[in-house]
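Comments concern the structure below.
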Amino acid sequence: MNFLIQKRFIDPKRVAIVGFAAGAWQTLSAVERGAIEQASGSKFRAAAAFYPPCLGFKGIMTVPTLILIGERDDFAGVDACRKMAAGEDDIGISRQKGEGAPVRLITYPEAYFGFDLSTLTTAIWYRGHRVEFNKSATDQSSEALREFLNSTVGPVANQ
């Protein structure tokens, strides 16, 4: 973030972070209240995480956060993301009502981990988990991300 806002063409009030898989874990870490988020002088305005490993997060986010994950994703773990979005961590401790920014979870019923990887039209097994492209989930998640960013940081200005 600090690097980006030094650029003249970047509006620091409109910088969001988007991550996929392990990068989605870093995305959530960057905006969950705690040591990593507090260490940054400049703050993101929104966060979106595609199939993140949610285990270990309490979901006390400092900015609006969108999580997109397949219902059949047994790699990142949809259940941990459900708990996080509901305000519970993996040991059952709940955040206080109204604590933190909103977390929105969108799941895709027929989708697995890596549902947006168009090169994986045939499923593969990676470390014991199924990874597979799903066009419907990809299209829906692209639209959901566009709507989320428009509502949180504003639409792209016409150039």
Side-chain angles (χ1 to χ4, degrees), residues 1-7 9-91 93-109 111-118 131 133-134 136-157:
M1 171 83 173
N2 292 338
F3 171 78
L4 290 174
I5 63 172
Q6 292 175 7
K7 306 300 177 194
F9 58 90
I10 299 293
D11 180 351
K13 296 177 185 149
R14 299 186 65 232
V15 179
I17 184 171
V18 179
F20 299 78
W25 181 89
Q26 293 174 326
T27 294
L28 296 178
S29 295
V31 299
E32 184 177 52
R33 187 180 312 147
I36 295 173
E37 183 274 331
Q38 291 170 1
S40 176
S42 302
K43 307 296 183 187
F44 292 103
R45 302 298 184 234
F50 283 74
Y51 38 92
C54 294
L55 195 63
F57 289 99
K58 289 185 180 175
I60 304 172
M61 301 305 178
T62 58
V63 297
T65 302
L66 175 66
I67 298 172
L68 307 134
I69 191 167
E71 282 286 339
R72 295 185 175 183
D73 185 335
D74 67 344
F75 196 5
V78 68
D79 290 336
C81 290
R82 274 196 189 93
K83 282 184 175 185
M84 188 191 101
E88 299 175 4
D89 67 11
D90 37 306
I91 59 172
I93 299 172
S94 298
R95 67 177 178 256
Q96 299 298 315
K97 186 174 182 174
E99 188 176 18
V103 177
R104 180 172 180 212
L105 173 68
I106 300 176
T107 63
Y108 300 101
Y112 293 90
F113 184 87
F115 61 76
D116 62 332
L117 301 173
S118 61
V131 181
F133 175 69
N134 182 302
S136 176
T138 298
D139 292 346
Q140 290 175 53
S141 65
S142 293
E143 184 58 30
L145 178 61
R146 187 175 301 107
E147 289 173 5
F148 173 73
L149 292 175
N150 283 342
S151 72
T152 55
V153 298
V156 175

Contact check, side chains of Phe57 and Ser29, non-hydrogen atoms, under 4.5 Å: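 Yes. Closest side-chain heavy atoms under 4.5 Å.
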Full working for side-chain contact (heavy atoms from CB on, under 4.5 Å) between Asn150 and Arg146: CA-CA 6 Å; Asn150 283 342; Arg146 187 175 301 107; 3.9 Å; yes
Please check this pair: side chain of [X] against backbone of [Y], looking for a donor-acceptor N/O pair closer than 3.5 Å.
X: Glu32; Y: Met61; result: no
X: Thr138; Y: Phe115; result: yes
X: Thr62; Y: Val31; result: yes

Chi angles and distances behind the side-chain contact (heavy atoms from CB on, under 4.5 Å) call for Ser141, Ile106: CA-CA 8 Å; Ser141 65; Ile106 300 176; over 6 Å; no
Measure the [atom1]-[atom2] distance between [X] and [Y] for me, rounded to the nearest 0.5 Å.
X: Met84; Y: Ile60; atom1: CE; atom2: CD1; result: 10.5 Å
X: Leu105; Y: Thr65; atom1: CG; atom2: OG1; result: 11.5 Å
X: Thr107; Y: Ile67; atom1: OG1; atom2: CD1; result: 11.5 Å
X: Leu68; Y: Arg104; atom1: CG; atom2: CZ; result: 8.5 Å
X: Phe20; Y: Leu117; atom1: CZ; atom2: CG; result: 9.0 Å

Where do [X] and [Y] come nearest, in terms of heavy atoms and distance?
X: Thr27; Y: Ala48; answer: CG2-O, 3.6 Å
X: Val103; Y: Gly59; answer: CG2-O, 3.8 Å
X: Pro52; Y: Trp25; answer: CB-N, 4.3 Å
X: Pro53; Y: Ala21; answer: CD-O, 3.4 Å
X: Arg45; Y: Pro64; answer: O-CD, 3.6 Å
X: Leu149; Y: Ala16; answer: CD2-CB, 3.7 Å

Under the ring pair (Phe, Tyr, Trp, His ring centres under 6.0 Å) test, residues paired with Phe148 that sit two or more places apart: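 If we apply the ring pair (Phe, Tyr, Trp, His ring centres under 6.0 Å) test to Phe148, skipping adjacent residues, there are no hits.
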Side chains of Ser136 and Gln140, donor plus acceptor under 3.5 Å: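 The criterion, which ignores hydrogens and geometry beyond distance, is satisfied for Gln140 and Ser136.
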Passing candidate, ring pair (Phe, Tyr, Trp, His ring centres under 6.0 Å) with Phe113, options Phe50, Tyr51, Phe133: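 Output: one option passes, namely Tyr51.
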